[in-house]
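Here is the structure we will look at, set down as structure tokens.
Residue numbers begin at 1 in each chain, while the letters A, B, ... track the order of the sequences. Predicted model, so just to flag it, every value in this text is computed and none were measured.
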Amino acid sequence: MPNPGLTPGSMFLSEYAMKSKYSIFSLLRNSLSYHQNWERKWRSPDPKPAYDVIIIGGGGHGLATAYYLARQHGITNVAVLEKSWLGGGNTGRNTTIVRSNYLLNESAAMYDHAIDLWENLSQELNYNVMFSPRGVLHLAHNVHDMQEIGRRGNSNYINDVDAEFITPDQIKTMVPIINLNCRYPVMGGVLQRRGGTARHDAVAWGYARAADSLGVDIIQNCEVTGFDIKKGVIKGVKTNRGVIKAGKVGVVTAGHSGVLADMAGMRLPIESTPLQAFVSEPLKPIIDIVVMSNTIHAYVSQSDKGELVFGGSSDPYVSYSQRGAFNQLEHVVGPLVELYPIFSRLRMMRQWGGTVDVTLDRSPIVSKSPVKNLFFNVGWGTGGFKATPGSGHVFAASLASGEMHPIAAPFSIDRHYTGALIDEAAAAAVAH
Amino acid sequence: MSQSRRLVKGGRIDRDKPLSFVFNGKTYQGYEGDTLASALIANDVRVVARSFKYHRPRGVFSAGSDEPNAIVQLEEGAATQPDTLATCIELYDNLSATSQNCWPSVEFDINEINSVFMRLMPAGFYYKTFMWPAKLWMWYEGIIRKAAGMGLAPKHPDPDRYEAIHTHCDVLVVGGGPAGLAAALAAGRTGARVILADAQCEPGGDLLAETDELEIAGEAASNWVSKTLAELRDMPEVRILERTTITGYYDYNWLTALQKVTDHMGPDKGGNLPRQRFIKIRARQVVLATGAIERPLVFAENDRPGVMMASAVRTYINRYGVLPGRSMVVFTNNDTAYQTAIDAVRLGAQVTVVDARPAPQGDVVTRAEALGIQIMDRSVITNLHGRMGVKCVTVQHLGEDGTTLLGKPIPFSCDLVAMSGGWNPTVHLFSQSGGKLRWDDDKTMFVPLAGPAINPSRSVGCCNGTMDLPGCLAEGLAAGSKAAKDAGFGTGRAPKAIKATARPEAPLRPLWEVSCHGHKSRFHDFQNDSKVSDLELASLEGMVSVEHTKRYTATGMGTDQGKTSNVNALAIMARIQGREIPAVGTTTFRPPYTPVSFGAITGQDRRELFEQVRTTAMQPWHVANGAVFEDVGDWKRPRYFPQGSEDMHAAVLRECKATRDSVGIVDASTLGKIDIQGPDAAKFLEMIYTNAWAKLGVGRCRYGVMLSEHGMIFDDGVTTRLSDNHYHMTTTTGGAARVMGWLEEWLQTEWPEMEVYCTSVTEQWSVASISGPKARDLLAGLTDIDLDPEAFPFMAVREGSFAGVPARIFRISFTGEVAYEINVPTCYGLHMWETLMEHGKAHDICVYGTETLHVLRAEKGFIIVGQDTDGTCTPMDVGMDWIVSKKKADFIGKRSFTRSDTAREGRKQLVGLFTDDPSFVLPEGAHIVDTATPKPPLRALGHVTSSYMSPNVTGPDGVNGDKGRSIAMALLQDGRNRMGDTLYVALMDGRVKTVTVTDPVFFDKEGERTHG
């Protein structure tokens, strides 16, 4: 239902004519002029005095939200406020894994919705986000793991999410570098063929370009310093570039969601901890799928550039530092070398950290708030990247209608009061 | 002589030790002391590698870890090492290396076609294409993946050994150049414990590339280095770590280092030594003396083989006795490159200096002119010819604006271009430590911003922007003294200054990019093939932030992490955006400084030393008796004991039946055991568990469930009161460490006032659990404890002797039979076990493993936490309302029961399931639905948590027998209100199984056997 408080825009407004299309032909044409005539991917506008909707946070989720607001709901008088450079938070720091084989129905619905959107995202945005459904394999190393993947595979089946049980022999064929008889012998695995990886930066850039062409103002280096709340209703935001009025505000931040909530006089059930990742030097292809192991808390894939991309669990202590402790990395490297003995001679080229906002049940908060017209889409913890299109899509629908989209509804902040937690980690004893 | 570019004398190579090596299948000669790069140059091998994206021919570029071009695959087979810098490989006999990223050969690489289509492949071209048809992306991606990447991973496990060690010191000096040596000397003389880490095979830094003209303390610099090292080596508290790169600088002055212990000897030559050592250093104080990296000049075709850094050329001449070119153009905007020109011309090279500065003056210029070197001032190289190696450059005058080209282009034939665009202090570690940088306009470089450091460190010498030798030495001495004082040694006053040759330098002329005619490639990032035009494109498309530009153009994203490219890129971006360089910002310097092998990080914690296997005292017996093991946490536990040709199914049926018929025995040593003592122990347990503990009598046991703050079951076990303030807690095997941490967390963070002490005693006790109708008979002959049920009732403990050793015997049961858990000190564990097995023969004893344990407990409806519960189950959900005290004021999780969802009706509840087909064992994890014809997506009502074939349970249809009867436990929505209902289990293969909901207690519902 359209909200009367908002101006229904139109994606056909000529003011923001669709940008010229990217294709091999535009590349050819532009190469003739030595690439000196490409358009900007997005404008760099000054903030207007007021917007129908302000999105705080220019990461993948925020940009996707803005894009779908404009594209699906015709709401184009939208600003995305980013305190630094867009895509610079966890969007640009994650290990790019995309999958939807979650155990619980609520999670499966959210992440599978995202995969549906991932599959056509490059074409939809006219920007190659390199979504590569190469398959995501979860290994089972003991009887308990087998029970875990058994339940999860069955749950996926019931939810119509693709899942296949794989034998050790099949695993060896798919991942020849694996050592099945390591300290944690590989007893089996569950494979989601529709899962894979995507090029993380391109997701932010693609959404930004597409949103911008629909009229969304993307305002970088614009930090929100407070909210303008009157009688329990959001009226606008205070920023380092002045006060900006807004009909509705969506907080789509990561790493500092608690800080934003504090500005609105709320506390979120969130702790922020570092999550680290690292890459090897580039190599010719040696691993064609994403392999995850919950028992050893390590996962690996190979980027298109050839780097092996590794990740593990988040650091156990809270911090906003975007850097973690080295021992956490050692906990990942040791098992990796055990599982893939050839990694021993490969080298770590770069390590980095991000800050992840982790809720009580490690599931996100996609929710209304006690302040009218102030919405939150935060707390994606260690697994938000894969949800980017789905999260943006359902959050945009929720912002547009004022009522939470059915897929988003279970992720209400209220669940922390009612106890209706979506506790994937507890349920499966896995990180996600 | 095969080494056509080798000088007849000079250099720090050992000409008495010739070495032969193979590069790309051809055999060459070099000397001990060479690097692979210097040996290749000596043999006039110009094309060493192909570039990442365009596959352009590339040669040796630098002489250190900043090398972006000469990246090779070292050795073959299991010992192969991809992506290795030829400049950092010390030559050894029979070394073998190949060029990577090229086919069929480095001279003729088919993928150089990319170079022809370069114009179609600017920065980020792949974001704009490969989108049609959508289905073909995976095919496109396959081609991209094959074309990308660099070296080849080994195919076989690493044959080498590694060490990872911890060490600490008062002062860590990073870098063994003049500043670092001076710092180590000053700190060492105070008696402080000093570590001097230097990446090279011998300390000395750039002094190793000097001629004897350069004097320190009145003698040739190389002599001073030797004397200084000798003095340092004589100091008992000083350690010099050679071939050791400090790779990471973390908080609280914790640094990581990679020491190459035997890499320089070649494969299999290291004897007992590890290949590499990963050293984790905690330093009170750090002195960073990491030097500076020379900046390339960004001009047309500047990536061709034969274009090298001027300082590197000088290093090859003076340190390695190699003249990289006979006809050389030195292209510079500063004084330092003149030393290269001077040294080269003295050795017979033809040298022309192309200096961007108008009328350069000063001592070094005068000396060059005196040697007859032609100096072209106000000049730049605007073009370069020679695809496989420099043949000719075009030189033109540069206008005052720094961009306009004036006059006629003049061609110069040459075989080498030695360039210098100035210097960048090596601030990587400083930045990693949390330090901020400051742009110094006079020096045109980023230098460490002085001020209170987050981590106590001092930058000295070139890495601090102090480029003159006397200054480096003075800073080193001062910082070494102060660091020692801050660490508690000495007075902090620097030793007497060390005199050294001063080489005053005239200012440089900033020259970030050199104009050229037309659209020629001007590379700023060589490894990732990133050009000025890419930076311009990024800016044109709105990629203004430095991080966007970096990610869009891949600048600085190579294995060199932009050591030579980042500052040039920033300056060019500043020009494009019309901003000052510092306004553009810098990217984050991420560890490691140079890549670190994963093997080294792992150290000795691999193979049998990786996550050591935990076994019980009875392990030898289990192995000898054919146990099949399973991993439970870090433990190996017997899963079943097959007899003859039995499979698991048959063995488990036999074990289950025998236990209920006579007596079974299981090794229960792995269960977690925590000794809890203190005056507040009872109070503590009241909070940890849901039920009442204060009134539990001494000598009595009680089953307890502990909850998370959400009120969800977290672990369970039996805890026994041994005396008033002394309890013995047991936990699940997998949960032992977690529970221990949980108890400590509450004690330390929430209830510090409680006087309670928890000690893990899991390893201290060996436990044999015997159960079955004959358990008491078996035990009777072996202990002095009165086993009469009146004297030793169910849920009690008795201490006494068992088979001659002290024992605690708990009468508790996880099988529903009369059962005793006999605990003896671990040293007697095997004795206890063997005694029981020997005496058990008369009672038809049957040994069983975890699988039978699971079936027996399922027959009784006992849960396994983590299998039948999943972190979303309250005690009420699993039918244990009785265990939650209504009277207690508080316990962990209590408040959560008031939450509406936790308190609501119809939650998932634990039930039993009987399959209509008694021979079909449901797969664990299968989901329950209410339709007989399911087709996903479906609404599941619950799932099967445990499922077995039982030989002891009789189904509703009366079916039982030798083959057994299938039973299952399940979590089912509103399960307790569905007793007797018929439901369906949807299998993943499309089959549907009909089940009847039942009570989860399948056997001996009244518990008569337990109390017998």
Side-chain angles (χ1 to χ4, degrees), chain A residues 22-24 27 31 34-35 38 40-42 44 85 88 122-123 127-128 132 142-143 147 150-151 153-155 157-160 183-184 201-202 281-286 304-306 326 330 333-334 337-338 341-352 417-421 423 426-427, chain B residues 81-83 119-120 122 125-131 134 141 144-145 148-154 157-158 250 519 537 540-542 545 547-548 551 559 590-591 595-599 601-602 605-606 610-611 630-631 870-872 896 899-902 924-927 936-938 940 943 988:
Chain A
Y22 285 161
S23 70
I24 186 69
L27 259 180
S31 73
Y34 294 94
H35 302 287
W38 286 106
R40 288 180 69 98
K41 288 177 192 284
W42 47 81
S44 185
W85 43 284
S122 294
Q123 286 70 31
Y127 204 86
N128 192 348
S132 169
N142 52 45
V143 175
Q147 287 166 337
R151 179 180 171 196
N154 273 284
S155 173
Y157 168 72
I158 292 286
N159 283 317
D160 210 12
R183 170 67 179 85
Y184 303 107
D201 292 327
E281 295 175 297
L283 301 155
K284 292 294 175 191
I286 54 166
D304 285 352
K305 200 181 164 191
F326 194 83
E330 290 176 302
V333 173
V337 171
E338 178 68 13
I342 67 155
F343 285 179
S344 174
R345 285 186 101 80
L346 305 181
R347 291 185 291 204
M348 175 171 79
M349 180 169 85
R350 195 166 60 238
Q351 79 170 109
W352 67 92
Y417 300 100
T418 65
L421 301 179
D423 203 338
Chain B
Q81 175 76 65
D83 303 341
R119 263 170 78 180
L120 263 179
F125 75 99
Y126 29 79
Y127 301 125
K128 294 173 176 152
T129 182
F130 303 125
M131 288 180 282
E141 189 186 44
I144 293 170
R145 288 189 67 199
M150 287 166 64
L152 300 170
D158 191 343
Y250 301 86
H519 297 275
L537 174 64
L540 181 70
E541 296 194 274
S545 148
E547 285 286 350
H548 282 158
R551 287 154 187 262
T559 61
R590 302 194 188 282
V596 180
S597 59
F598 294 116
I601 295 172
T602 309
D605 299 342
R606 59 209 326 238
F610 167 75
E611 296 283 324
E630 70 161 313
D631 286 284
D870 63 3
T872 65
S896 295
R899 301 203 285 199
S900 60
D901 189 78
T902 314
E924 286 169 352
H927 280 51
L938 291 156
H943 74 280
M988 285 175 72

For this session: Under 4.5 Å, counting heavy-atom pairs only, tell me which of A:Val143, A:Thr418, A:Ile24, A:Asn142 racks up the most with chain B.
Result: A:Thr418
For this session: Tell me, please, which residues at least two apart from A:Tyr34 pass side-chain hydrogen bond (donor to acceptor under 3.5 Å, both in side chains).
Result: B:Arg119
Exercise. Looking only at atom types and distance, does a side-chain atom of A:Glu330 sit under 3.5 Å from a main-chain N or O of B:Thr602, one as donor and one as acceptor?
Worked result: no
Exercise. Does the pair A:Asn159 and B:His927 meet the rule for a side-chain contact (heavy atoms from CB on, under 4.5 Å), with working shown?
Worked result: CA-CA 11 Å; A:Asn159 283 317; B:His927 280 51; over 6 Å; no
Problem set entry | Donor-acceptor contact below 3.5 Å, side chain A:Asn128 vs main chain B:Thr129 | yes
For this session: Return the option, out of A:Ala202, A:Gly334, A:Ser122, with the maximum number of heavy-atom pairs under 4.5 Å with chain B.
Result: A:Gly334
Problem set entry | Choice from B:Gly151, B:Pro157, B:Ser545 maximising heavy atom contacts with chain A below 4.5 Å | B:Gly151
Problem set entry | Student check: side-chain heavy atoms of A:Arg40 and B:Leu540 closer than 4.5 Å | no
Problem set entry | Region of A:Ser44 in contact with chain B, defined by heavy-atom distances below 4.5 Å | neither
Exercise. Is a side-chain N or O of A:Lys284 found less than 3.5 angstrom from the main chain of B:Ala148, in a donor-acceptor match?
Worked result: yes
Seminar exercise, completed: So CG of A:Asp423 and CG of B:Asp870: to nearest 0.5 Å the spacing works out to 8.5 Å
Exercise. So do B:Pro595 and A:Leu346 actually touch side chain to side chain, heavy atoms under 4.5 Å?
Worked result: no
For this session: Please look at B:Glu630 and chain A and tell me whether the side chain, the backbone, both or neither of the residue comes under 4.5 angstrom of a heavy atom of that chain.
Result: side chain
Problem set entry | Exercise: identify the closest heavy-atom pair between A:Ile342 and B:Ala153 | CD1-CB, 4.1 Å
For this session: Kindly give the heavy-atom pair with the smallest separation between A:Arg183 and B:Asp631, and that separation in Å.
Result: NH1-OD1, 3.3 Å
For this session: Could you tell me the separation between the CE atom of A:Met348 and the CZ atom of B:Phe598, rounded to the nearest 0.5 Å?
Result: 6.5 Å
Exercise. Non-hydrogen atoms of chain B under 4.5 Å away: do they reach the side chain of A:Val333, the backbone, both or neither?
Worked result: both
Exercise. In terms of heavy-atom pairs under 4.5 Å, which option from B:Val596, B:Leu152, B:Ile144, B:Thr902 contacts chain A the most?
Worked result: B:Val596
For this session: Check whether any side-chain heavy atom of B:Ser597 lies under 4.5 Å from a side-chain heavy atom of A:Arg345, and answer yes or no.
Result: no
For this session: Could you walk me through whether A:Asn154 and B:His943 pass the side-chain contact (heavy atoms from CB on, under 4.5 Å) test, one step at a time?
Result: CA-CA 9 Å; A:Asn154 273 284; B:His943 74 280; over 6 Å; no
Exercise. Measuring from A:Leu27:CG to B:Tyr127:OH, what's the distance to the nearest 0.5 Å?
Worked result: 13.0 Å
Exercise. Checking side-chain contact (heavy atoms from CB on, under 4.5 Å) for the pair A:Trp38/B:Lys128: CA distance, chi angles, key distance, verdict?
Worked result: CA-CA 11 Å; A:Trp38 286 106; B:Lys128 294 173 176 152; 3.6 Å; yes
Problem set entry | Results of ring-ring contact (aromatic ring centres under 6.0 Å, His included) for A:Tyr157 - residues two or more places apart only | none
Seminar exercise, completed: Interface check, chain A: of B:Ala940, B:Pro122, B:Ala134, most non-hydrogen pairs under 4.5 Å belong to B:Pro122
Exercise. Are any non-hydrogen side-chain atoms of A:Phe326 and B:Ile601 less than 4.5 angstrom apart?
Worked result: yes
Exercise. For B:Thr559, is it the side chain, the backbone, both or neither that has a heavy atom under 4.5 Å from a heavy atom of chain A?
Worked result: both
For this session: Using a 4.5 Å cut-off on heavy atoms from C-beta on, say whether the side chain of A:Tyr22 contacts that of B:Phe125.
Result: no
Seminar exercise, completed: Heavy atoms of B:Asp83 and A:Pro282 approach each other most closely as OD2-O, 2.5 Å
Problem set entry | Donor-acceptor contact below 3.5 Å, side chain A:Gln123 vs main chain B:Met131 | yes
Exercise. Rounded to the nearest 0.5 Å, how far apart are OG of A:Ser132 and CZ of B:Arg145?
Worked result: 7.5 Å
Seminar exercise, completed: Highest number of heavy-atom pairs under 4.5 Å with chain A among B:Leu938, B:Leu537, B:Asp901 belongs to B:Asp901
Exercise. Measuring from A:Asp304:CG to B:Tyr126:OH, what's the distance to the nearest 0.5 Å?
Worked result: 10.0 Å
Problem set entry | Proximity breakdown for A:Tyr417 and chain B, heavy-atom pairs closer than 4.5 Å | backbone
Seminar exercise, completed: Under 4.5 Å to a heavy atom of chain A? For B:Ser900 that would be both
Exercise. For chain A, which of B:Arg551, B:Glu924, B:Arg590 has the most heavy-atom pairs under 4.5 Å?
Worked result: B:Arg551
Exercise. Minimum heavy-atom separation for B:Pro937 to A:Asp160, with atom names?
Worked result: CD-OD2, 3.8 Å
Exercise. From B:Met150 CE over to A:Glu281 CD, what is the distance, rounded to the nearest 0.5 angstrom?
Worked result: 7.0 Å
For this session: Could you check if a side-chain atom of B:Met988 sits within less than 4.5 angstrom of a side-chain atom of A:Ile158, using non-hydrogen atoms only?
Result: no
Seminar exercise, completed: On a heavy-atom basis, the closest approach of B:Gly542 and A:Trp42 is O-NE1, 3.8 Å
For this session: Tell me, for A:Asp201 versus chain B, whether the close heavy atoms (under 4.5 Å) come from the side chain, the backbone, both or neither.
Result: side chain
For this session: Compute whether any side-chain donor of one residue and acceptor of the other, for B:Asp158 and A:Ser344, lie under 3.5 angstrom apart.
Result: yes
Seminar exercise, completed: If one checks every heavy atom of B:Glu611 against chain A at 4.5 Å, the contacting part turns out to be both
For this session: Pick whichever of A:Gly419, A:Ala420, A:Pro341 has the most heavy-atom pairs under 4.5 Å with chain B.
Result: A:Gly419
For this session: Inspect the contact between A:Lys41 and B:Glu541 and indicate whether a charged nitrogen and a carboxylate oxygen are less than 4.0 angstrom apart.
Result: yes
